[in-house]
Amino acid sequence: MRYSEMFLPTGREVPSDAELASHQLMIRAGMIRKLTSGIYSYLPLGYRVIRKVEQIIREEMNRAGAQEVFLPMVQPAELWQESGRWVHYGKELLRFRDRHDREYCLGPTHEEVITDLVRNGIKTYRQLPRNLYQIQTKFRDEIRPRFGVMRCREFGMKDAYSFDADEAGAEISYRKMFEAYNRIFTRCGLNFRPVEADSGSIGGSYSHEYMVMADSGEDAVCFCNACQYAANLEKAEIAGPAGDQPSGPALPLEEVHTPGVRTIEEVCAYLQVAQQEVVKTLIFSADGEPVAVLIRGDHEVNETKVRNHLGCDALDLAPDEMIFKVTRSPRGFAGAIGIKARIIADYSLKETYNCIMGANREDYHLRNVNPGRDFKVEGYADLRVIRETDPCPRCGGEIHFARGIEVGHVFKLGTKYSKAMKAAYLDQNGRERMMVMGCYGIGIGRTVAAAIEQNHDADGIVWPLPLAPYHVIITPVNVKERSLSEAAEGIYRSLLEKGVEVILDDRDERAGVKFKDADLIGIPYRVTIGPKNLAEGKAETRRRRTGEVAILSLSEVEAFLMDRIREGI
RNA sequence: CGGGGCGUAGCGCAGCCCGGUAGCGCACCUGCUUUGGGAGCAGGAUGUCGCAGGUUCAAAUCCUGCCGCCCCGACCA
């Protein structure tokens, strides 16, 4: 492509409303433009990169035995009512009516559509397993879109759905996708790792997220440096309690006056005790019902774990009215004794004795509270957020924290959708059985943004070769010098003929401008045609990532570049 | 949805407090010079001042309402 003919509006200035490097660079490099909140256009350069990612995904999905389909983005309400998600999905689901006043939504995901398609097309175990995927635009009406294409409302996604006859088959399908995803992100040149994840409202039993490691990532993950364990922080398990019994004598319960002392910090300072001697009583509203969650003062509640333990949909910290209703006291003095709510406790409470707790009475706390003796706990569970000082739940090794960008997610769905929507088949014995499903997503735009987060420097983007929109840019330093233009043209034509993706920067611009743009858009190799080298029949080849320069005779340039492109470096 | 901020040329911003008929930098167009890391000089074009209403002789500026965008929080496959 001739630069002079490209639609490639690059910018020198950092956009004021973009904070992430990837967001700033995608705008500056002329890859994307925002149309409205959370909705972006891809310009030619950006779209080429999108297509590279899509192509890698297609090749690996096909290789794993999946087949490509293309499903509608506009979906009827009935399907979502059938699965139950018309009610449960919430405001992220953009709903609207057509001229006949029928209800529809824009697809934020396609479990309903694919399940409907498959239940009508598959009747027998002989037709299983199947894995269907598509690359489609999704719409999720995010509360607060941000970070450019990283968290937007309209976005491109690859989603795949597997259908198996039984659990064992579903496990195999899941493994296949797990491996395909590893290949996909490896081919994209990303530093990533799969981590165990919560399956969230999409339902299902088991899932992994693919995290591209980046300090700017929105997700916190932890991983063990001794074994393979890695998990999203909200999922990360904590090893159960060592002992089951408090290891000291229970002292008599005692009420202490604690005027205006509400937070754990205030309690500790006022009573001169350590945080782990205090028990926090957090009152949640779980689907509208009050639940008291007990946890040690120095620990933090993991709401995802609480939600999963209770099996509820909505979980919020209780409003003041609810707190008053169950404790007969204002916020800050809640305790387990006499509370009118279900009580669940973190495992760590099993080993706690003679602790400090709110008295359910304004300006009072209790000393020497002992679970079992003083109140009854409905159940103990792992309910807190893992800390870096906790041991690995698998091997006891050291845990480390890092941040990541979620670019892919694989789920075992089980029969959640097949049951709800009656996706059944007949087995060998002629008995009707539900298909066992899995679903597998990759955020395309987000993968591109994540690649930039990991591959940029002060001058701009540094594309990994497999994602680069072009491999080579040829830069004659002065197009008015006929000899320079002609030499550049010559190399350009011969590279084009060999199928190399190449830009000829034939603009009548100063060399500095061209160099800056070439660096900004991150083309892996630049061939500079300048008067001094050309006088000796040579040209300069420069590698974007390292700045490494090779002065080669014109006849060598082509082979030099093709070798490197073939090797993918 | 709660808190904060911002809407003025393609982009980034000043002007608003204290009302008087709109400006700066970059980008853009023309010419000359320059030509290996975002050039110089000269000339030029570019605006429903977010929208609607109100106050006033006069509104970018003051008042009211609305819309949009950004940041923090809550939320989230």
Side-chain angles (χ1 to χ4, degrees), chain A residues 9-20 23-24 27-28 30 33-39 85 88-93 107-111 138-148 150-153 155 157-159 161 197-204 207-210 218-219 232 234-235 303-304 307 313-317 319 406-413 416 438-443 446 458-460 475-481 484-485 505 507-520 526-534 539-540 542 547 549 551:
Chain A
T10 58
R12 187 182 351 203
E13 277 165 45
V14 178
S16 60
D17 55 356
E19 14 180 11
L20 284 195
H23 186 192
Q24 295 171 352
I27 292 168
R28 288 188 53 210
R33 286 292 182 269
K34 182 169 72 183
L35 181 63
T36 183
S37 179
I39 299 180
R85 291 206 292 182
H88 286 116
Y89 208 95
K91 288 191 181 161
E92 269 185 47
L93 185 65
T109 173
H110 283 71
E111 281 81 11
K138 310 284 189 193
F139 193 92
R140 294 181 191 172
D141 201 358
E142 289 280 346
I143 297 175
R144 182 145 91 86
R146 59 189 122 174
F147 308 137
M150 198 78 91
R151 184 162 216 73
C152 50
R153 299 196 292 170
F155 59 99
M157 185 173 179
K158 187 286 302 178
D159 51 325
Y161 303 89
D198 184 63
S199 48
S201 75
I202 205 154
S207 101
H208 284 89
E209 288 168 340
Y210 283 77
E218 284 192 272
D219 289 281
N232 191 308
E234 67 174 14
K235 167 75 178 180
E303 292 194 20
T304 302
R307 194 188 311 266
D313 288 321
L315 185 77
D316 303 287
L317 275 173
E406 180 192 348
V407 291
H409 204 156
V410 293
F411 294 85
K412 273 172 77 173
L413 290 176
K416 174 174 165 146
C439 81
Y440 318 93
I442 293 178
R446 192 182 270 197
D459 293 314
T475 308
V477 298
N478 182 351
V479 291
K480 286 183 180 149
E481 289 280 346
L484 299 182
S485 293
D505 194 348
R507 293 175 300 165
D508 182 13
E509 287 286 356
R510 298 167 62 86
V513 173
K514 297 186 181 191
F515 293 155
K516 288 289 183 191
D517 277 332
D519 287 349
L520 178 61
R526 187 181 82 205
V527 179
T528 310
I529 313 291
K532 278 186 211 127
N533 285 320
L534 189 62
E540 172 191 297
R542 186 171 193 275
V549 162
I551 312 283

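The shown structure was predicted, so the numbers you read here are calculated from the model rather than taken from an experiment. Residue numbers start from 1 in every chain, and the chains themselves are labelled A, B, ... in the order their sequence lines are given, proteins ahead of strands.
For B:rC70, one of the phosphate oxygens OP1 or OP2 lies less than 4.0 angstrom from a side-chain nitrogen or oxygen of A:Ser37.
Taking atom C1' on both B:rU56 and B:rC13, the two are 30 Å apart, rounded to the nearest angstrom. B:rG19 and B:rC24 have their P atoms separated by 24 Å, given to the nearest Å. Separating the P atom of B:rA58 from that of B:rU21 is a span of 15 Å, rounded to the nearest Å. Atom P of B:rG10 sits at a distance of 12 Å from the matching atom of B:rC49, rounded to the whole Å. As rounded to the nearest Å, B:rC6 and B:rC51 have C1' atoms that lie 16 Å from one another. For the P atoms, the distance from B:rG43 to B:rU61 is 33 Å, rounded to whole Å. With P as the reference atom, B:rU48 and B:rA22 are 14 Å apart, rounded to whole Å. B:rC18 and B:rA60 have their C1' atoms separated by 15 Å, given to the nearest Å.
In this structure, A:Glu509 places its CD atom 14 Å from C1' of B:rG36, rounding to the nearest Å. Taking atom CG of residue A:Asp505 and atom C1' of nucleotide B:rG37, one finds them 13 Å apart after rounding to whole Å. As a whole-Å value, the separation of A:Glu142 CD from B:rC70 P is 13 Å. Separating the NZ atom of A:Lys514 from the C1' atom of B:rU34 is a distance of 15 Å, rounded to the nearest angstrom. A:Glu234 places its CD atom 12 Å from the C1' atom of B:rC75, with the value rounded to the nearest Å. One can place CG of A:Leu520 at 15 Å from C1' of B:rC11, the figure rounded to the nearest angstrom.
For B:rA58, there is no paired nucleotide, since no Watson-Crick or G-U wobble pair has both relevant distances below 3.5 Å. For B:rU34, there is no paired base (Watson-Crick or G-U wobble, both distances below 3.5 Å). Across all strands shown, B:rC26 forms a Watson-Crick or G-U wobble pair with B:rG10, both key distances being under 3.5 Å. Summarising the base pairing, B:rU48 is matched to no nucleotide, lacking a Watson-Crick or G-U wobble pair whose two defining distances lie under 3.5 Å. The partner of B:rG53 is B:rC63, judged by Watson-Crick or G-U wobble contacts that both fall below 3.5 Å. B:rC18 is unpaired under the Watson-Crick or G-U wobble criterion, no partner having all donor-acceptor distances under 3.5 Å. The partner of B:rG73 is B:rC1, by the rule that a Watson-Crick or G-U pair needs both atom distances under 3.5 Å.
Using a 4.0 Å heavy-atom distance criterion, A:Pro15 is classed as making no nucleic acid contact. Residue A:Arg153 is out of contact with every strand shown, counting any heavy-atom pair closer than 4.0 Å. Among the atoms of the strands shown, none is found under 4.0 Å from any heavy atom of A:Lys91. Heavy atoms of A:Thr36 sit under 4.0 angstrom from primed sugar atoms or phosphate atoms, though from no base atom. Here A:Glu540 lies in heavy-atom contact (under 4.0 Å) with a base. Within the 4.0 angstrom heavy-atom criterion, base atoms lie near A:Arg542. At a threshold of 4.0 angstrom between heavy atoms, the contacts of A:Asp519 include nucleobase atoms, whether or not backbone atoms are also involved. Within 4.0 Å of A:Pro108, counting heavy atoms only, lies at least one base atom of the nucleic acid. Among the heavy atoms of the strands lying under 4.0 Å from A:Asn533 is at least one base atom, whether or not backbone atoms are also near.
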What do the steps show when you test A:Asp508 against A:Lys480 for side-chain contact (heavy atoms from CB on, under 4.5 Å), and what is the final call? CA-CA 7 Å; A:Asp508 182 13; A:Lys480 286 183 180 149; 3.3 Å; yes
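Comparing A:Glu218 and A:Pro145 by the nucleotide of RNA chain B whose heavy atom lies nearest to each, the residue mapping closer to the 5' end is A:Pro145. Projected onto RNA chain B by closest heavy-atom contact, A:Glu13 and A:Asn478 fall at different nucleotides, the more 5' of which corresponds to A:Glu13.
Taking 4.0 Å as the cut-off between side-chain N and carboxylate O, A:Asp159 and A:Lys138 count as a salt-bridged pair. Checked for salt-bridge contact, A:Asp198 and A:Lys235 miss the test: no charged N lies under 4.0 Å from a carboxylate O.
In this structure the side chain of A:Ile27 reaches within 4.5 angstrom of the side chain of A:Arg33, judged on heavy atoms.
At least one cation-pi condition fails for A:Arg446 and A:Phe155: the charged atom is not both under 6.0 angstrom from the six-membered ring centre and inside a 45 degree cone around its axis.
Residue A:Arg146 places its side chain closer to B:rC72 than to any other of B:rC72, B:rG37, B:rG36.
Contact record, A:Val479 with A:Asp505: CG1-O, 4.3 Å, taken as the closest heavy-atom pair.
Remark: A:Lys514 NZ to A:Asn478 CG distance equals 7.5 Å, nearest 0.5 Å.
Between the side chain of A:Arg33 and the base of B:rG10 there is no donor-acceptor pair of N/O atoms closer than 3.5 Å.
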